[in-house]
K.L.:
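Handing you a structure now.
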Amino acid sequence: MATVRKSDYQIVALEEHLLTAEIADAWAAVAGPDTARRMSIPGAQPEKLFDLGRARIADMDDQGVDVQVLSVTTPGVQNLDADRAVPLAAAANDIIAGAVAEHPDRFDGLAALPTPDPRAAADELRRAVSEKGLLGAMIYGRTAAMHLGDPAMEPIWAAAAQLRAPVVLHPQTPTAAVRDAYYTGIGPDVDTLFAGPLIGWHYETGIELLHMIFGGVFDRHPELQVVVGHWGEAVLFYADRIGSVGALTGTTQNPFEHYLTHNVLVMGSGVFSQRAFRWTREVVGIDRIVYATDYPYIDASAGAARRFLDDADLTPDERVQVASGNWDRITRHLR
């Protein structure tokens, strides 16, 4: 593995995952088809999730990534009951904070939140940001049947808005009923991919963003910032259609496009597509794009992470914006 020569800009990657042994054990104890291990992408290198030291940093150097913003892999502790989720999230956040303290020039962190208990999750977000120095949180869509726009989630959004702490919205697998209705019938292996990284994850996450917008979350908390991956989780492609039909709902104070350009940031999550990048830029603007490689699930080795930005049709200043500047702008007050 060769170290990639770094160019004149810094890359901060936001969707870079880890796993703690305690959460892995808790997942293993959860019965049924929604266990988190089945939510992982086949062919990934899950053993790398547990490393927060030299091997991970060597991979970053090989990719051309300067800083990873660490987060627990999907679905965090959201598939656990509240009694287990609350202490496991706190312990994971302490581990993330410890890794950041050990390698402050290479790591930052996002908090895992025990969303089965939204009030405890809000308290943990405050602790993780104010006491542990993490820069926001990652939430994996709905919790059981509770959508992100559900009134029960209000304590989390209020805390994030008060802290001005961004929240990354990460995919998880659709519910069993949705999987059975829409993502089965081809074959077991294909069905798993179909419900997950092929398309199911992305519709699932895009729908949760729409729950937040049309549920009035951003109208109640206009300073709240969320980050969505995979070039907008299908929402950006249908932005014009959603905007025109969304006006009929009467549930928002602003046009749909307002929320995309004021409350949402978008990253590619290791989807190295210049076409998708250009479309994202056209819809949300260069100042709403951030960067991610989706470590360790996507192969960004041999400088692929940096090469994508080098090859993009960007001015030097715009390249800095996407690589790190936009993220720095929304988190500077937390440092």
Side-chain angles (χ1 to χ4, degrees), residues 15-20 23-46 48-49 71-82 84-85 88-89 92 110 112-116 118 121 137-150 153 156 167-212 226-235 267-271 292 294-298:
E15 191 177 332
E16 319 307 312
H17 296 304
L18 62 90
L19 182 58
T20 69
I23 291 177
D25 289 344
W27 287 349
V30 176
D34 285 330
T35 55
R37 290 195 182 280
R38 294 189 61 180
M39 297 180 186
S40 293
I41 300 173
Q45 301 182 66
K48 293 188 174 185
L49 291 167
S71 58
V72 174
T73 196
T74 186
V77 296
Q78 289 180 214
N79 65 333
L80 306 174
D81 61 70
R84 285 185 291 178
L88 284 172
L110 296 171
L113 300 183
T115 58
M138 181 172 279
I139 290 182
Y140 312 87
R142 60 178 167 74
T143 299
M146 182 173 64
H147 294 291
L148 295 183
D150 192 294
M153 291 287 290
I156 298 174
V167 177
V168 178
L169 308 184
H170 190 282
Q172 65 160 295
T173 298
T175 63
V178 173
R179 292 200 307 274
D180 291 344
Y182 292 102
Y183 299 113
T184 57
I186 300 176
D189 292 339
V190 177
D191 291 349
T192 299
L193 288 171
F194 199 7
L198 192 153
I199 193 65
W201 281 359
H202 311 305
Y203 280 137
E204 175 82 9
T205 311
I207 287 168
E208 290 305 309
L209 175 62
L210 296 182
H211 269 285
M212 294 183 70
V226 300
V227 183
V228 297
H230 306 101
W231 302 120
E233 307 293 9
V235 169
M267 58 189 177
S269 306
V271 179
D294 201 6
Y295 182 91
Y297 299 115
I298 300 297

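Sequential numbering from 1 along the given sequence is applied to the chain's residues.
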K.L.:
Would you say that Met212 contacts Val226 through its side chain, given a criterion of any heavy-atom pair below 4.5 Å between the two side chains?
P.N.:
yes
K.L.:
Name all residues meeting the side chain to side chain contact (heavy atoms under 4.5 Å, CB included) criterion together with Ile207; count only those two or more places apart in sequence or in a different chain, and write none if there are none.
P.N.:
His211
K.L.:
Measuring only between side-chain heavy atoms, which start at C-beta, is Pro296 closer than 4.5 Å to Leu49?
P.N.:
yes
K.L.:
Could you name each residue pair satisfying salt bridge (charged side-chain N to carboxylate O under 4.0 Å, His left out) that touches residues 200-209, not counting sequence neighbours?
P.N.:
Arg142-Glu204
K.L.:
Could you tell me whether the side chain of Thr143 and the main chain of Met146 form a donor-acceptor pair under 3.5 Å?
P.N.:
no
K.L.:
Mind checking side chain to side chain contact (heavy atoms under 4.5 Å, CB included) for Ala144 and listing every partner two or more places apart, or none if nothing turns up?
P.N.:
none
K.L.:
What residues, two or more places apart in sequence or in another chain, satisfy ring pair (Phe, Tyr, Trp, His ring centres under 6.0 Å) together with His170?
P.N.:
His17, Tyr140
K.L.:
Under a 4.5 Å cut-off applied to non-hydrogen side-chain atoms, are Val235 and Val228 in contact?
P.N.:
no
K.L.:
Quick one: does Thr74's side chain have a donor or acceptor within less than 3.5 Å of a partner on Pro171's backbone?
P.N.:
yes
K.L.:
Are side-chain heavy atoms of Leu18 and Thr73 found at a separation under 4.5 Å?
P.N.:
no
K.L.:
If only atom types and distance count, is the side chain of Trp27 paired as donor or acceptor with the main-chain N or O of Gly76 below 3.5 Å?
P.N.:
yes
K.L.:
Scan for salt bridge (charged side-chain N to carboxylate O under 4.0 Å, His left out) pairs involving residues 169-178, sequence neighbours excluded, and state none if there are none.
P.N.:
none
K.L.:
For Tyr203, enumerate each residue passing the ring pair (Phe, Tyr, Trp, His ring centres under 6.0 Å) test, keeping only those at least two apart in sequence or located in another chain.
P.N.:
none
K.L.:
Locate the shortest heavy-atom distance separating Met153 from Pro118; write the atom from each residue and the value.
P.N.:
CA-CB, 4.4 Å
K.L.:
By side chain to side chain contact (heavy atoms under 4.5 Å, CB included), which residues pair with Ala121, not counting sequence neighbours?
P.N.:
Leu113, Pro114, Ile156
K.L.:
Are Val168 and Glu15 packed together at the side-chain level, in the sense that at least one heavy-atom pair is separated by less than 4.5 angstrom?
P.N.:
no
K.L.:
For residues 73-82, which residue pairs pass the salt bridge (charged side-chain N to carboxylate O under 4.0 Å, His left out) check, not counting sequence neighbours?
P.N.:
Asp81-Arg84
K.L.:
Side chain to side chain contact (heavy atoms under 4.5 Å, CB included) with Val190: which residues, sequence neighbours excluded?
P.N.:
Ile186
K.L.:
Strictly by salt bridge (charged side-chain N to carboxylate O under 4.0 Å, His left out), give each pair with a member in residues 188-201 just once, sequence neighbours left out.
P.N.:
none
